[in-house]
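In what follows, a single structure is set out as structure tokens and then discussed.
Here is the naming used below: chain letters follow the sequence lines, and residue numbers restart at 1 for every chain.
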There are 2 protein chains.
Amino acid sequence: MSTRRETVRQALNESTGFRSAQDLYADLRSEGSKIGLTTVYRALQALSDSGEIDVLRTDDGEAVYRACITDTHHHHLVCRTCGKAVEVEGPQVERWADAVGAQHGFTDITHTVEVFGTCAACASGE
Amino acid sequence: MSTRRETVRQALNESTGFRSAQDLYADLRSEGSKIGLTTVYRALQALSDSGEIDVLRTDDGEAVYRACITDTHHHHLVCRTCGKAVEVEGPQVERWADAVGAQHGFTDITHTVEVFGTCAACASGE
DNA sequence: GAGAAAACGAAAACGATTGTCAAAACTGGC
DNA sequence: GCCAGTTTTGACAATCGTTTTCGTTTTCTC
């Protein structure tokens with residue numbers, strides 16, 4: 001639909017890692033785009049609402065986004081230095097989360113699971 | 001050491017759930033304390049630095065804190081309605097996270113795992 | 001007690017995000 | 001092609017949690 005949303009989606013696709021809104025905005029501007037920061041936020045919001053992109057929070061509370069390849073439920077292994085992310089699955093973790101919830105009488109269980117580390121490239125570069 | 005830090009620690013102890021800094025501040029003020037917001041933040045920072053309390057981020061990026069009973073590494077099952085939290089362990093999840101990290105050449109693996117649900121009390125109350 | 005160091009708190013500063021609003025781009029009907 | 005109405009956009013201001021700054025007060029330490 002909107003051209004701008006496509007622009008943002010594409011900018012996200014060009015990265016393997018999680019990117020912040022401000023970050024994407026800076027990139028697009030430096031590429032010569034006249035896009036506004038508000039629009040970047042709106043596009044990211046729309047994309048994440050429709051489930052097309054994944055969102056998570058960094059330790060300092062900033063929201064970061066990623067266009068994931070896998071459609072199904074998955075988690076991420078994220079490099080804490082360069083932000084590069086790998087999509088991973090963990091059926092056993094899903095089962096564990098559900099079991100733990102049920103065991104304590106909780107219903108409607110969801111979970112957040114992210115693994116952080118230093119990727120091989122960043123480890124050797126230091 | 002500091003009286004104020006003790007005050008904050010105690011306020012946290014009185015709750016079973018995760019609380020935000022603003023929230024704790026409001027509580028303390030309404031109890032008649034003359035504590036400042038800055039001090040609440042400083043106390044929470046200090047307590048979390050020393051590992052005495054656990055921190056996590058809500059979906060909207062707010063930091064919430066909890067005084068946990070368990071000293072060892074653990075995770076939380078949190079009610080998304082009332083915020084009540086139960087401390088849970090998942091050795092299999094720890095192993096999974098480490099394995100996944102190693103498998104992709106990542107080092108220095110850490111992970112965040114939180115389970116959300118609706119607790120029995122909140123489910124029946126609706 | 002005196003003087004130095006640590007803790008406090010009010011107010012200002014900050015940074016990410018959201019709201020406002022007028023201008024610009026797109027619509028379908030003529 | 002052109003108009004009225006809707007949608008999208010972007011500059012700017014506002015918000016909100018959090019951090020800094022900077023006097024002031026309290027707490028050691030001798």
Original post:
Between B:Y41 and B:Q22, is a side chain to side chain donor-acceptor pair (under 3.5 Å) present by the stated rule, with each step listed?
Top reply: CA-CA 9 Å; B:Y41 274 105; B:Q22 308 274 350; 3.0 Å; yes

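- Rounded to whole Å, atom C1' of D:dT18 lies 15 Å from atom CG of B:D49.
- Taking atom CZ on B:R5 and atom P on C:dA6, their separation rounds to 13 Å, with Å as the unit.
- Under 3.5 Å, the side chains of B:E52 and B:S50 contain a donor-acceptor pair of N or O atoms.
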Subject >> Check against side chain to side chain donor-acceptor pair (under 3.5 Å), B:R80 and A:T110 >> reply: CA-CA 10 Å; B:R80 72 168 68 78; A:T110 59; 3.1 Å; yes

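- Following chains of ILVMFWY side-chain contacts shorter than 4.5 Å, one cannot reach A:L56 starting from A:Y65, and the two form parts of different hydrophobic clusters.
- For D:dG10, one of the phosphate oxygens OP1 or OP2 lies less than 4.0 angstrom from a side-chain nitrogen or oxygen of A:R4.
- Side chain of B:R29 to main chain of B:I35: a donor-acceptor pair is present (N/O by atom type, distance under 3.5 Å, no hydrogens or angles).
- Between its two ends, the helix from C:dG1-D:dC30 to C:dC30-D:dG1 turns its axis by 30°, counting five pairs per end and rounding to 10 degrees.
- With hydrogens and angles ignored, the 3.5 Å screen pairs no side-chain donor or acceptor of A:E114 with any backbone N or O of A:L77.
- In this structure, A:H73 and A:H111 have perpendicular ring planes: the angle between them is above 60°, well past the 30° mark.
- As a whole-Å value, the separation of B:L44 CG from C:dG9 P is 13 Å.
- At whole-Å resolution of the value, CZ in B:R19 and P in D:dT18 are 14 Å apart.
- Straight-line distance from the CG atom of B:L28 to the C1' atom of C:dG9: 14 Å, rounded to whole Å.
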**OP:** Go through B:H76 and B:F18 one step at a time and tell me if the ring-ring contact (aromatic ring centres under 6.0 Å, His included) criterion holds.
**Re:** CA-CA 10 Å; B:H76 299 99; B:F18 279 88; 4.9 Å; yes

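- Checked by atom type and distance alone, the side chain of A:R66 pairs as donor or acceptor with a backbone atom of A:T16 at under 3.5 Å.
- The distance between atom CG of B:L24 and atom P of D:dG17, rounded to the nearest whole Å, is 13 Å.
- Rounding to whole angstrom units, NZ of residue B:K34 and P of D:dT25 are separated by 16 Å.
- In terms of polar N and O atoms assigned as donor or acceptor, the side chain of B:R42 comes within less than 3.5 Å of the base of C:dG9 in a complementary pairing.
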Subject >> B/S/- contact track for nucleotides 13-18 of chain C, protein heavy atom under 4.0 Å >> reply: ---SBB

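- In this entry the distance linking OH of A:Y25 with P of D:dG10 reads 9 Å, nearest Å.
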